[in-house]
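Just so you know, these numbers use all the heavy atoms, side chains as well, and skip hydrogens, waters and symmetry mates. What you are looking at is a predicted structure, and each value in this text was computed from that prediction instead of being measured.
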Amino acid sequence: NFLKSQVYWMASATLEKKFHDPETGRVNIVLSINQGAIQTLARPVFSGISSATQQTILTECHALIGEAATTKNIVTLNNAVTAHFSRSGFHFAKIQVETMHQARQTQLRFTIDKGRRYRLSKFNVTGNQETEKNRISRHYKNLQSKTYDAEKTNKATNKLISTGIFKKVEVTPQPNSDGTIDLAIDVEEGKTVTTSLYLGTDSYEGPIFGLGYNDLNFAGKMWQLSARGEYTGRGLLGELGITEPFFLGEQISFNTRVYALQRSPDGYRKKETGLESSWTLHPSDSYSLRTYFASGYVSTSSSSMSNEEIGPKNYLNTRIGILQSLDLRNDPILPRSGYNGELLTEIGSVAGDATTEYFKTSLNNSYRIDLHPKNYLISRFDFGMIVPSDSQSLPIDRRFFSGGTNSVRSFQERGMGPRSSAGDPLGGEAYWGGSAELVHQVKGPLYTSVFYDLGQVYANYEDLSFSNPSQA
C-alpha cells in the first residue's frame, strides 16, 4: 500500500522468510519486493457519449494526461468529467468509472448515461423570516431560463452566504417533466445587527474612541446600514451610510453616505460636511472598479498661516472619480507575496472664497516577494499629482501630504515637503515615495524589519522631480 501511494500501482510483495526470535519475542520477516514502474495517467476512454463530446472533455482534461497517476490526479480527472456534464445541464447524469492499472499507465474508463438536459425555471424560497424572498432569489436571476449549471449555482450560493445574513443556505435542484428544473432555496437567518466599541491610540491621532452600528439586512431588503462616531486627539467624525449590493438588479454595489467631521492637522483646523455616492463593480476576485460622486462644504481656519498659505477658507468641493484596485497577494490580511495596487483618477471643482477646477491622479503600488521560511521583501512606489486651473485657489485640504507611516518614516506624519512661515506642513500639488523593506519573523506574531525610504512633496506639480529626495 505504501508503494501504491507513491504511484507504483503494479507493486507487489512476496513473503520469502519468517522466523521467531525467542529472546525478544518478535517475529522477523523477509520480503521480496517488485515495485514496478511509476504509473502515469493515460488518455481516458468514454462510452455512451458522442465523439464531439469526448473531444471536448479530452481538451478540458489535457493537462492531466501524462501526469503521475496519484490518487489526487485520479480524483481530479474524475471530478473534471463530472463537472463537464453538471455545467452542461446534465445535472443527473449517471457516470460510472473503472480504474485500470497497466504496466506503466493508469487508464480511467467512463460509462456515461447523460440523461436529460435541464433548463433553470423557478425559485422556491423557504425559511426566511425577515428577508424578502425576491431579495434572496435575485442572486440566481442571471441563471434563469438558461441551461442549468451547477457550478454557477454554487458560486451564487457562496455569494449569498458571504452577505453574512444567513447561518445556512441549502439549494436543492428539483427536476420537472417538461425539461426544466426548479431551485428549492432553504435559508436560516442569523444575527444581522451588531454594535461595536473600540479604543486605541496612534502616534499621530493620539487617543482613539469609537462607536459603531451595523445592520446587514436593513428593512429585510439585504441593504447594509452602517453608522459610526469617532473621537481622536485630532478631531471628530460622524457618518451614516447604506449599501445596496445588487444595484438595479445587477451585481454592482451601490453606496451612499453622509458625513460630518472636524479635524485639526498641524497648522490649521477644518470642518466638513458632505454626501458621497459610489458604485463598485467586481469583474473578478482580484480586480474592482469604483466610480464615485461627492460634494462637501469645507471651512478652514488657522492662527499661524497666512491667507496665501492656507488658500480658500470656505468652499464647496464637488468631485467625480474612478478608483481601480488590483490585489494579487497570497493573503489579504497577512500577505507575504504578490502585487497590490490602486489607481485613482478624479476631476473636481472648488467654489467659494476662490474658484478653480482640477485634475487629480494617484498611484499606490506594493509588491511582496516571499524569501522562505521566515523572511519576505516589500517594495513600494507611490505617486500623486493634482493639476489646478489656478494654483493660488487650491485649498490646503486638497493638497497632497506625505511623511511618516507608510511613507518616509524619518519624518513626522504629513511632515515632508514645503512649510509655512511658522513651520507647519503646507502639502503640495505632487509627491512620490518609494521604499524597500526586509521583514523577518522572529517568533509567532513578532516581526522585525530593515527598510530604506525615500520621496518628496512639491509645492507645484511642474517641479516634480526624482532627484534629491528625502531619505530614511
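The distance from atom CG of N124 to atom CG of L183, rounded to the nearest 0.5 Å, is 8.5 Å. Considering CG of L64 and NZ of K72, their distance stands at 10.5 Å, rounded to 0.5 Å. Here the CZ-CZ distance, from F293 to R319, works out to 9.0 Å after rounding to the nearest 0.5 Å. With rounding to the nearest 0.5 angstrom, the CG atom of N214 is 5.5 Å from the OG atom of S226. Once rounded to the nearest 0.5 Å, the distance linking CG of L199 with OH of Y231 reads 12.5 Å. Between atom CG of residue D463 and atom CD of residue Q456 there is a gap of 11.0 Å, rounded to the nearest 0.5 Å.
Ion pairing of R329 with D331 is absent here, as no side-chain N (NZ or NE/NH1/NH2) approaches a carboxylate O to less than 4.0 Å. A salt bridge links E239 and R257; the closest N-O separation between the charged side-chain nitrogens and carboxylate oxygens is under 4.0 Å. The existence of a salt bridge linking E132 and K221 is confirmed by a sub-4.0 Å separation between a basic side-chain nitrogen and an acidic carboxylate oxygen. Salt bridge absent: K191 and E130 never bring a charged side-chain N and a carboxylate O closer than 4.0 Å. For the pair D397 and R263, the salt-bridge criterion is not met [side-chain N within less than 4.0 Å of a carboxylate O]. Contact check on E244 versus R138 returns a salt bridge, with a Lys/Arg side-chain nitrogen under 4.0 Å from an Asp/Glu carboxylate oxygen.
The ring of F92 has its center closer than 6.0 angstrom to the ring center of Y118. Residues F383 and W432 place their aromatic rings such that the two centres sit no closer than 6.0 Å.
Under the 3.5 Å distance criterion, the side-chain polar atoms of Y458 are matched with a main-chain donor or acceptor of S465. For T355 (side chain) and A351 (main-chain N/O), no donor-acceptor pair under 3.5 Å exists by modelled atom type. Judged by distance alone, with hydrogens and angles left aside, the side-chain atoms of D453 form no donor-acceptor pair with the main-chain N or O of Q471 at under 3.5 Å. A donor-acceptor pair under 3.5 Å is formed between the side chain of S302 and the backbone N or O of G267. A donor-acceptor pair under 3.5 Å links the side-chain atoms of T56 to the main chain of A52, judged by distance alone. One N or O on the side chain of T361 and one on the backbone of L344 form a donor-acceptor pair closer than 3.5 Å. Checking side-chain atoms of R399 against main-chain N and O of L426 turns up a donor-acceptor pair under 3.5 Å. A donor-acceptor pair under 3.5 Å links the side-chain atoms of Q441 to the main chain of G444, judged by distance alone. Remark: side-chain polar atoms of S86 are not paired, donor with acceptor, to backbone N or O of T82 under 3.5 angstrom.
Side-chain N/O atoms of N128 and E188 include no donor and acceptor closer than 3.5 Å. Of the N and O atoms on the side chains of E429 and S391, at least one donor lies less than 3.5 Å from an acceptor on the other residue. Under the 3.5 Å distance criterion, with hydrogens and angles disregarded, a donor-acceptor pair is assigned to the side chains of N255 and T243. For the residue pair R380/S366, the side-chain donor-acceptor check at 3.5 Å is not satisfied. Side chains of E230 and Y198: a donor on one and an acceptor on the other come within 3.5 Å. Under the 3.5 Å distance criterion, with hydrogens and angles disregarded, no donor-acceptor pair is assigned to the side chains of S286 and D327. Side-chain contact check for S288 and T280: no donor-acceptor pair (N or O, by modelled atom type) lies under 3.5 Å. With hydrogens and angles left out, the side-chain atoms of K313 and N307 include a donor and acceptor closer than 3.5 Å. No side-chain donor-acceptor contact under 3.5 Å links T356 and S393.
Counting heavy atoms from C-beta outward, N340 and L326 have side chains that stay 4.5 Å or more apart. Considering only heavy atoms from C-beta on, H139 comes within 4.5 Å of M222 through its side chain. Side-chain contact between T180 and R119 is present, with heavy atoms from C-beta onward closer than 4.5 Å.
The residue from N73, T76, L77 that alone fulfils the side chain to side chain contact (heavy atoms under 4.5 Å, CB included) condition with E67 is N73.
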Candidate pair D182 and N176, rule side-chain hydrogen bond (donor to acceptor under 3.5 Å, both in side chains), full reasoning | CA-CA 8 Å; D182 298 335; N176 302 312; 3.2 Å; yes
Please step through side-chain contact (heavy atoms from CB on, under 4.5 Å) for the pair L275 and Y259, ending with a clear verdict.
-> CA-CA 7 Å; L275 168 71; Y259 64 91; 5.9 Å; no
R398 and E272: salt bridge (charged side-chain N to carboxylate O under 4.0 Å, His left out), yes or no, with the steps?
-> CA-CA 12 Å; R398 293 300 172 251; E272 180 175 354; 3.5 Å; yes
Starting from the C-alpha separation in whole Å, work towards a yes-or-no answer on side-chain hydrogen bond (donor to acceptor under 3.5 Å, both in side chains) for Y204 and D266.
-> CA-CA 10 Å; Y204 178 74; D266 293 336; 4.9 Å; no
Test side-chain hydrogen bond (donor to acceptor under 3.5 Å, both in side chains) applied to E357 and S349, step by step | CA-CA 4 Å; E357 293 77 37; S349 67; 5.7 Å; no
Verify side-chain contact (heavy atoms from CB on, under 4.5 Å) between T59 and I57, making sure each step is shown before the conclusion.
-> CA-CA 5 Å; T59 300; I57 297 174; over 6 Å; no
Can you list the steps and then say if E60 with R87 is a salt bridge (charged side-chain N to carboxylate O under 4.0 Å, His left out)?
-> CA-CA 13 Å; E60 294 172 353; R87 65 173 174 266; 3.0 Å; yes
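Here salt bridge (Lys or Arg N to Asp or Glu O under 4.0 Å) pairs that include residues 336-352, with residues two or more places apart or in two chains, are R336-D370. Residue pairs meeting the salt bridge (Lys or Arg N to Asp or Glu O under 4.0 Å) criterion with at least one member in residues 412-424: none, sequence neighbours excluded.
For I161, the CD1 atom is densely surrounded, since the number of other residues' heavy atoms within 6.0 Å is greater than 12. Within 6.0 Å of CG on N468 lie no more than 12 heavy atoms contributed by other residues, nucleotides or ligands. Within a 6.0 Å sphere centred on CD of E151, heavy atoms belonging to other residues, nucleotides or ligands number more than 12. The neighbour count for N406 CG, taken as heavy atoms of other residues, nucleotides or ligands under 6.0 Å away, does not exceed 12. Counting non-hydrogen atoms of neighbouring residues, nucleotides and ligands closer than 6.0 angstrom, the CG atom of D178 exceeds 12 such neighbours. Atom NZ of K122 is surrounded by 12 or fewer heavy atoms from other residues, nucleotides or ligands within 6.0 Å. No more than 12 heavy atoms of other residues, nucleotides or ligands sit less than 6.0 Å from atom NZ of K271.
Using the six-membered ring where Trp is involved, F466 and F381 have ring planes that are tilted, between 30° and 60° apart. Y140 and F123 have tilted rings, their planes meeting at an angle from 30° to 60° on a 0 to 90° scale. Using a 30° and 60° split on the angle between ring planes, H91 and Y148 fall in the perpendicular class, above 60°. The aromatic rings of F90 and F85 sit perpendicular to each other, their planes meeting at more than 60°, with 30° as the lower class boundary.
With F451 as the aromatic partner, R409 meets the cation-pi criteria of under 6.0 angstrom to the ring centre and within 45 degrees of the ring axis.
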